[in-house]
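Read through the structure below, which is laid out as structure tokens, and then see the notes.
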Amino acid sequence: MSALAERLISIRQRIASACDRSGRSVASVELMGVSKNHPPEAVSEAVQLGLTLFGENRIQEARAKIPLSPPTARWHFIGHLQSNKARDAVALFETVQGVDSLELARELQKQAQKQSRQPAILAEVNVAGESSKFGWTPDALLGALPALSALDRLPLKGLMTIAPYAPDPETARPIFRRLRELRDQCEQRLQHPLPILSMGMSGDLEVAIEEGATLVRVGTALFGDRPRPIRPEPTPSQP
Ligand SMILES: *Cc1c(COP(=O)(O)O)cnc(C)c1O
């Protein structure tokens, strides 16, 4: 069995036990393979192993990789997107996770109109208020909600967050819990469901699932160490 196949089995087991512990069905949690810095061959192998959803955080890399990957792969943009890259993002991705400003959302709406597309969006929330991270504070998101949901080309499907890095995954629990509460609050205000809670990565996916994640974004634990780090970042501890 390949290393990727073994890692995929192990992640599926981690997801299954977390679902078990929290009385959830495994079907309620989708696994995204974060393929940034990995070649299209890695995506192809993952698709053969049954994975369908992939995440990229840089437009340039995605533009090169997506056409070389199996057409059945589905793609979400997961990073901070500059407004001047909205056109490419709309053309390449079915969902833009990490919409963090009205300016960006309006640009995505404009491009979606031009391209006759309807990319789903998730609002990125900076729950912990870290100055190094993008995303709305919970209050700012509640304030932006009416304007955001008025953009008819961009169905708002939920929220996403990146928890602060910490060696102990339990540190992220209150962050994940807060995101879920905020999601519930947004649903009440909007009077429509926001089914996607995108939270949890290689190091903390169990805690995220216990707190209600419906989509976990897994890079390192699936594809191994990233060959060419874009910028130095802490590596979550491996199980
Ligand atoms: C890189 C990245 C991930 C995956 O992180 P790992 O710790 O390697 O699983 C998840 N979400 C976002 C937004 C990322 O940029």
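Residues: numbered from 1 along the sequence shown.
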Gap separating the [atom1] atom of [X] from the [atom2] atom of [Y], nearest 0.5 angstrom:
| X | Y | atom1 | atom2 | value |
| --- | --- | --- | --- | --- |
| S149 | L194 | OG | CG | 9.5 Å |
| R74 | L53 | CZ | CG | 4.5 Å |
| I162 | M199 | CD1 | CE | 13.5 Å |
| T214 | K157 | OG1 | NZ | 11.0 Å |
| L68 | E41 | CG | CD | 8.0 Å |
| R183 | T161 | CZ | OG1 | 13.5 Å |

[X] to [Y] - nearest heavy-atom pair and separation:
| X | Y | answer |
| --- | --- | --- |
| P138 | R178 | CB-NH2, 3.5 Å |
| M1 | A5 | CG-CB, 3.3 Å |
| L104 | D100 | CD2-OD1, 3.9 Å |
| A172 | A163 | CB-CB, 3.7 Å |
| C19 | S25 | SG-O, 3.8 Å |
| A62 | P67 | O-CD, 4.0 Å |

Salt bridge between [X] and [Y], side-chain N to carboxylate O under 4.0 Å?
| X | Y | value |
| --- | --- | --- |
| R180 | E211 | no |
| R21 | E210 | yes |
| E56 | R63 | no |
| E107 | R87 | no |

Side-chain touch [X]/[Y], heavy atoms, less than 4.5 angstrom:
| X | Y | value |
| --- | --- | --- |
| I209 | E206 | no |
| V43 | K65 | yes |
| L145 | L156 | yes |
| I78 | V34 | yes |
| I59 | L81 | yes |
| I196 | L159 | no |
| V99 | W136 | yes |
| I15 | R24 | no |

Enclosure of [X] [atom1] (heavy-atom neighbours >12, cutoff 6.0 Å):
| X | atom1 | value |
| --- | --- | --- |
| E6 | CD | yes |
| K133 | NZ | yes |
| Q60 | CD | no |

* Structure fact -> Paired with L148, the side-chain contact (heavy atoms from CB on, under 4.5 Å) test is passed by just one of L141, L154, L190, namely L141

* Asked: Are F93 and H76 close enough that their ring centers fall under 6.0 Å?
  -> no

* Take W75 and F54, measure what ring-ring contact (aromatic ring centres under 6.0 Å, His included) needs, and give me the verdict at the end. => CA-CA 5 Å; W75 297 90; F54 297 88; 5.5 Å; yes

Please check this pair: side chain of [X] against backbone of [Y], looking for a donor-acceptor N/O pair closer than 3.5 Å.
| X | Y | answer |
| --- | --- | --- |
| R117 | V90 | yes |
| R217 | G55 | no |
| N126 | T137 | no |

Under 4.5 Å between side-chain heavy atoms, hopping through other hydrophobics if needed: is there a path connecting [X] to [Y]?
| X | Y | answer |
| --- | --- | --- |
| L49 | I11 | yes |
| V47 | L4 | yes |
| V29 | V26 | no |
| L222 | I9 | no |
| L197 | F134 | no |

* How far apart are the C-alpha atoms of V218 and M201, what are their side-chain angles, what is the distance that settles it, and do they pass the side-chain contact (heavy atoms from CB on, under 4.5 Å) test? -> CA-CA 5 Å; V218 179; M201 321 200 312; 6.0 Å; no

Residues [X] and [Y]: side-chain donor-acceptor under 3.5 angstrom:
| X | Y | value |
| --- | --- | --- |
| Q97 | S198 | yes |
| K85 | Q82 | yes |
| Q109 | D152 | yes |

